Amino acid sequence: MSKAETTSDSYTLLLISQPSMSVSALIACLEKEIRGTVELVSPDTIHEKLTERSGLVLIDLSAFDDTATERLKHALTPYADQHVFALLNAHDLTAKELASWPFIKGVFKKDDELSHLCYGIEKMFSGEYWLPRHKMAALIHYYQQHYQQTIDEQAIVLTNREQEILRHLVTGASNQDIANALAVSEHTVKSHLYNVFKKINVKNRVQAVFWAKNNLSLIGSVGIELGSDSYDD
């Protein structure tokens, strides 16, 4: 039994899109592959559906024009900590466009095969990001160019465990990988990451990696490098 199958009982897969024959066919295929339930969510039912329980949310960009997409960003932001979000049917997004979705943890392109989509969903259910390595590098470069900041070394205090988790984070390790390495539960890792993100004032892992590469050594940790095999292409 795959990870996606084992997690489908505790996670819900929501698809934000508009009703159509192609969307219905996609839902049927996904349900067959992940052996779980996929629920279609329209823009006017976002609040109702996303407050019910935590889950993985696919945002079908092909179903919305630019104006509607911007409205979606604002509507979904309050649920950033409750759900895992991914973009579906995306074009080749620039780093600036990706940065405008700070809570997004995965991107699937229009020409991705169903098997690739399901595998990416499986990885995201496991706590991993699903972004190509070159997109991760582009995002970090974008943050370097636009979000340079100095820190007050006295204002940010990270525990040894939080610093250790940050060092694992920049290697591309998933929450489960970090939990295994540190012999703690995945829930404990998530709690530490939540606290770290609040302390260093970042919204996602990419921003945390950028922050750590520039600032972690200033608060007593060793230097770190971004692994070359951190993410799938």
Side-chain angles (χ1 to χ4, degrees), residues 4 7-110 112 114 116-131 135 139 175 187 190 193-194 197-198 201-208:
T7 55
S8 60
D9 291 335
S10 57
Y11 277 89
T12 302
L13 184 58
L14 302 175
L15 173 62
I16 299 179
S17 188
Q18 302 286 2
S20 69
M21 291 182 62
S22 60
V23 168
S24 296
L26 173 61
I27 289 175
C29 290
L30 285 174
E31 289 184 331
K32 180 179 179 180
E33 291 296 322
I34 70 172
R35 300 185 184 181
T37 301
V38 181
E39 186 171 356
L40 178 63
V41 178
S42 60
D44 58 346
T45 61
I46 284 177
H47 178 71
E48 173 189 348
K49 297 298 183 181
L50 270 64
T51 54
E52 291 179 356
R53 66 170 108 170
S54 298
L56 195 156
V57 183
L58 299 176
I59 306 165
D60 182 10
L61 293 183
S62 67
F64 307 102
D65 59 23
D66 292 344
T67 300
T69 298
E70 288 302 314
R71 287 199 296 265
L72 272 179
K73 289 180 186 178
H74 294 292
L76 296 174
T77 298
Y79 303 97
D81 295 329
Q82 182 181 349
H83 295 272
V84 177
F85 290 93
L87 300 178
L88 180 67
N89 290 323
H91 61 270
D92 189 18
L93 299 172
T94 66
K96 181 178 181 180
E97 288 173 321
L98 280 174
S100 72
W101 295 89
F103 50 87
I104 289 298
K105 293 180 172 61
V107 175
F108 300 97
K109 297 180 294 185
K110 291 183 178 181
D112 282 342
L114 179 63
H116 181 83
L117 173 61
C118 291
Y119 185 68
I121 289 173
E122 176 183 338
K123 290 297 185 182
M124 294 182 69
F125 271 142
S126 301
E128 299 184 27
Y129 269 48
W130 191 253
L131 292 171
K135 290 299 182 185
L139 269 176
N175 289 350
H187 175 75
K190 290 180 180 179
L193 284 175
Y194 177 78
F197 285 13
K198 287 184 62 177
N201 192 29
V202 301
K203 298 180 182 298
N204 57 44
R205 289 187 177 218
V206 179
Q207 292 180 4

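Fair warning: this is a prediction, and the values are worked out from it, not measured in the lab. Counting from 1, the numbers follow the sequence of the chain as shown.
Under a 3.5 Å cut-off, the side chain of Glu33 and the backbone N or O of Leu30 do not form any donor-acceptor pair. No side-chain donor-acceptor contact under 3.5 Å links Thr45 to the backbone of Glu48. Judged by distance alone, with hydrogens and angles left aside, the side-chain atoms of His83 form a donor-acceptor pair with the main-chain N or O of Gly55 at under 3.5 Å.
Lys109 is not listed as a side-chain neighbour of His116, based on a closest heavy-atom distance of 4.5 Å or more. With a 4.5 Å cut-off on side-chain heavy atoms, Asn204 and Lys105 do not count as touching. Taking 4.5 Å as the limit, some side-chain heavy atom of Leu40 sits within range of a side-chain heavy atom of Val23.
Within 6.0 Å of the NZ atom in Lys73, the count of heavy atoms belonging to other residues, nucleotides or ligands exceeds 12.
If you take CG on Leu93 and OG on Ser100, they are separated by 8.0 Å, rounding to the nearest 0.5 Å. Between the CG atom in Leu76 and the CD1 atom in Ile59 there is a gap of 5.0 Å [rounded to 0.5 Å]. Distance check: Leu50 CG to Gln82 CD gives 6.5 Å after rounding to the nearest 0.5 Å. With rounding to the nearest 0.5 Å, the separation of CG in Leu72 from CD in Glu70 is 9.5 Å. The structure places CG of Asp60 at 4.5 Å from CG of Asn89, a figure rounded to the nearest 0.5 Å. Atom NZ of Lys49 is separated from atom CG of Asp44 by 10.5 Å, given to the nearest 0.5 angstrom.
Under the side chain to side chain contact (heavy atoms under 4.5 Å, CB included) criterion, Asp65 pairs with Thr67, Ala68, sequence neighbours left out. Looking at residues two or more places apart in sequence or on another chain, you find a salt bridge (Lys or Arg N to Asp or Glu O under 4.0 Å) between Asp92 and Lys135.
Between Cys29 and Leu114 the shortest heavy-atom distance is CB-CD2, 3.7 Å. A pairwise comparison of heavy atoms in Ala86 and Met124 identifies CB-CE, 3.7 Å as the closest pair. Across all non-hydrogen atoms, the minimal contact from Ala99 to Leu139 is N-CD2, 3.8 Å. Closest approach of Pro43 and Phe64 over heavy atoms only: CG-CE2, 3.4 Å. The shortest heavy-atom contact between Ala90 and Val107 is CB-CG1, 3.9 Å. Ala208 and Phe197 make their closest contact through CB-CE1, 3.6 Å (heavy atoms, listed as atom of the first residue, atom of the second, distance).
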Exercise. Can you check side-chain contact (heavy atoms from CB on, under 4.5 Å) on Val38 and Leu58, steps first, answer last?
Worked result: CA-CA 10 Å; Val38 181; Leu58 299 176; over 6 Å; no
Exercise. Please walk me through it: do Leu13 and Ile34 pass side-chain contact (heavy atoms from CB on, under 4.5 Å)?
Worked result: CA-CA 10 Å; Leu13 184 58; Ile34 70 172; 3.6 Å; yes
For this session: Carefully, step by step, assess Lys123 and Tyr129 under the rule side-chain contact (heavy atoms from CB on, under 4.5 Å).
Result: CA-CA 7 Å; Lys123 290 297 185 182; Tyr129 269 48; over 6 Å; no
Exercise. Step by step, would you call Leu88 with Leu26 a side-chain contact (heavy atoms from CB on, under 4.5 Å)?
Worked result: CA-CA 11 Å; Leu88 180 67; Leu26 173 61; 3.8 Å; yes
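Of the listed residues (Phe125, Tyr119, Phe85), just one forms a ring pair (Phe, Tyr, Trp, His ring centres under 6.0 Å) with Trp130, and that residue is Tyr119.
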